[in-house]
Protein chains: 2
Amino acid sequence: MVKKQLIMDKALELFAKQGFEATSVQQITDHCGISKGAFYLSYKSKDELIISFVDCFMKQIIADIDSSVKDCSHSDDMLSTFFYTTNKAFQDNSTFAKIFFKEQTHTVNENLLNRLSYYDSKVNDIILYIIDHLVLENEKTKFDLLICIKGFMKVYVDLFLIYELPLLDLDILTKSLVEKTNILAKYSTIPFITKESAQILQDHIEGTDNNSKQIIELIEQLIIEIEEPIEKESLELLKNCLQSENNSLAIIKGLLENIKNNPQCKWVAYLIREKYSIQQ
Amino acid sequence: MVKKQLIMDKALELFAKQGFEATSVQQITDHCGISKGAFYLSYKSKDELIISFVDCFMKQIIADIDSSVKDCSHSDDMLSTFFYTTNKAFQDNSTFAKIFFKEQTHTVNENLLNRLSYYDSKVNDIILYIIDHLVLENEKTKFDLLICIKGFMKVYVDLFLIYELPLLDLDILTKSLVEKTNILAKYSTIPFITKESAQILQDHIEGTDNNSKQIIELIEQLIIEIEEPIEKESLELLKNCLQSENNSLAIIKGLLENIKNNPQCKWVAYLIREKYSIQQ
DNA sequence: TATAATAATGACTAATTGGTCATTTGTCAA
DNA sequence: TTGACAAATGACCAATTAGTCATTATTATA
């Protein structure tokens with residue numbers, strides 16, 4: 001629906017300037033040139049807009065990062081691909097990124113907090129997948145490495161978002177981050193985060209895990225929305241695969257290839273890839 | 001004034017739960033058991049409370065970190081001292097720390113943002129002082145190292161603040177962070193942040209620099225407030241030193257020793273130390 | 001005890017908030 | 001042209017906000 005998109009686009013600008021809380025529905029509707037009532041025809045509440053907003057961006061970004069990493073033919077490229085794609089994603093969606101990093105730690109909204117930590121755990125999964133393909137000096141530093149990689153990301157992204165430093169060369173940034181990570185992997189010996197404390201971190205996330213039923217619902221929705229015949233058919237076939245639990249990974253993998261480049265399908269492709277641990 | 005302290009103590013609890021914006025003056029006064037009018041006898045506005053609040057904690061914390069680093073007899077200890085003192089400070093003031101890290105990137109309040117970036121630049125100064133005493137593989141990675149150290153701090157502090165991971169062993173955390181930093185210093189070759197971009201970062205901070213006049217005003221205020229005779233006399237003498245610009249660093253250094261352990265004097269001691277680049 | 005000075009109160013204002021709903025406007029087919 | 005239905009409006013509501021100020025309570029002084 002075109003009105004929904006308009007509201008999101010305009011809300012994006014206001015949220016970036018002021019954050020979620022400080023932006024009123026009135027401001028959004030004024031900025032859209034529509035009435036307050038019209039807003040509530042598109043979204044049940046301000047909260048629903050915020051959640052949709054975060055979902056929309058995070059699904060794209062995470063699916064992009066995951067697919068770029070999982071598509072690496074050599075495990076040597078993973079780290080570099082990860083840093084490049086991640087920085088690129090935040091650069092391309094810099095207005096959203098600004099909001100995301102601000103609200104991540106701040107918001108009081110319980111609903112939103114759960115969403116954010118859900119996506120955070122997905123990022124952790126991707127990074128841990130990469131770390132498992134690195135050669136570590138001490139296997140026990142694994143979770144410290146995870147934390148450090150996230151620290152690198154956070155702090156370099158801050159440079160562009162808070163200090164508005166112009167991003168000159170994404171390639172150098174990537175190389176610099178890859179080097180740092182590899183150095184830590186190679187020479188770190190003193191872990192701080194144990195497996196147990198890592199478990200505590202993971203337990204924080206409530207199980208919004210994706211069972212087949214939820215994925216099938218997503219697929220059905222997409223089948224209605226999507227025009228392209230190949231994507232449509234692939235989705236139908238994927239739906240069948242998920243319903244009859246006897247299915248070939250090869251077929252699923254092939255079908256995913258057909259849909260994964262369609263922006264609307266990215267997220268569902270990611271969920272299925274994750275469900276069946278499909279890589280490379 | 002005792003009422004001011006009461007308000008701060010109670011506000012601390014509410015701010016930690018809800019943040020600055022979401023906490024109303026009414027809530028604070030209810031929590032204090034005083035009337036709304038009484039609040040405005042102590043603080044001109046909610047904004048003034050917030051600024052005082054941040055000032056109060058940050059001055060203590062930064063003065064502590066700086067003095068612990070500058071007091072190191074061996075430059076080998078600096079890094080470890082820095083990480084230990086910093087983590088300890090955030091642990092001891094964990095309620096404040098939680099607020100600080102949340103508001104740092106979020107707040108819309110221009111006034112507050114300026115304060116926060118002022119203190120941020122002070123932390124940068126301390127870290128750069130430490131880095132100047134490290135042996136770097138490539139001198140050009142200096143500013144990247146600064147950024148990484150800040151990333152380490154941010155992300156490990158988050159563990160305790162957001163995920164509420166119990167902090168078991170501060171010594172191990174310190175050792176782990178020291179190792180990581182030393183490794184990066186020793187092996188990093190690819191800088192991303194140039195001297196020029198570092199300059200851009202520094203230029204962000206408006207010059208709230210401390211000239212003698214401001215420092216003297218602070219001293220005069222302290223002389224009135226403070227009881228202890230030695231601190232009082234030392235402050236008087238320091239004031240004279242600052243007024244007559246012909247002064248001996250040795251005398252100033254000695255006088256600072258007399259006052260630096262008094263919580264009320266810490267900040268002014270820090271400012272003087274910084275003004276005359278007094279170390280060790 | 002009487003007077004002056006200070007401290008504290010809480011009802012009040014004006015503005016803003018998210019959200020509602022009776023009313024109006026626009027767009028069709030008949 | 002009419003009538004039916006959907007889309008859009010914005011005045012309105014109850015709640016909440018920061019901040020004020022005439023009034024009252026408390027304390028110190030004479």
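Residue numbering restarts at 1 for every chain, and letters A, B, ... go by the order of the sequence lines. Only a predicted model underlies this, so the values are computations on that prediction, with no experimental measurement involved.
- Separating the CG atom of A/Leu6 from the P atom of D/dA8 is a distance of 11 Å, rounded to the nearest angstrom.
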What protein N or O atoms touch nucleotides 25-27 of chain D N or O atoms at under 3.5 angstrom, if any, and at what distances?
none

Anything under 3.5 Å between a donor and an acceptor, one on a side chain of residues 216-224 of chain A, the other on a protein residue two or more places apart or in another chain? List them.
residue  : atom : partner  : partner atom : Å
A/Glu220 : OE2  : A/Lys239 : NZ           : 3.3
A/Gln221 : NE2  : A/Glu225 : OE2          : 3.1

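- Electrostatic pairing of A/Lys154 and B/Asp158 counts as a salt bridge here, judged by a charged N lying under 4.0 Å from a carboxylate O.
- A straight line from CG of B/Leu41 to P of C/dA5 spans 18 Å, rounded to a whole angstrom.
- The minimum heavy-atom distance linking B/Ser45 with B/Tyr40 is given by the pair CA-CE2, 4.0 Å.
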| Working for side-chain contact (heavy atoms from CB on, under 4.5 Å), residues A/Phe96 and A/Met58 | CA-CA 9 Å; A/Phe96 170 77; A/Met58 286 311 288; 3.7 Å; yes
| Intra- and inter-strand pairs of DNA chain C in dot-bracket (Watson-Crick or G-U wobble, both distances under 3.5 Å; | for another strand) | ||||||||||||||||||||||||||||||
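- For B/Lys150, the salt bridge (Lys or Arg N to Asp or Glu O under 4.0 Å) criterion is met by B/Asp120, not counting sequence neighbours.
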| remark: In 5'-to-3' order, the base (B), backbone-only (S) or no-contact (-) status of each nucleotide in nucleotides 15-20 of chain C, using a 4.0 angstrom heavy-atom cut-off, is --SBBB
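- With 3.5 Å as the limit, one finds no donor-acceptor pair spanning the side chains of B/Asn114 and B/Glu110.
- Checking A/Gln5 against A/Asp9 by side-chain atom types alone, a donor-acceptor pair falls below 3.5 Å.
- D/dT17 atom P lies 12 Å from atom CG of B/Leu14, rounded to whole Å.
- A/Phe90 is linked by a ring-ring contact (aromatic ring centres under 6.0 Å, His included) to A/Phe101, counting only residues two or more places apart in sequence or in another chain.
- There is a side-chain donor-acceptor pair under 3.5 Å between B/Lys275 and B/Ser212.
- Side chain of B/Lys232 to backbone of B/Ile226: a donor-acceptor contact under 3.5 angstrom is found.
- B/Ile34 places its CD1 atom 11 Å from the P atom of C/dG10, with the value rounded to the nearest Å.
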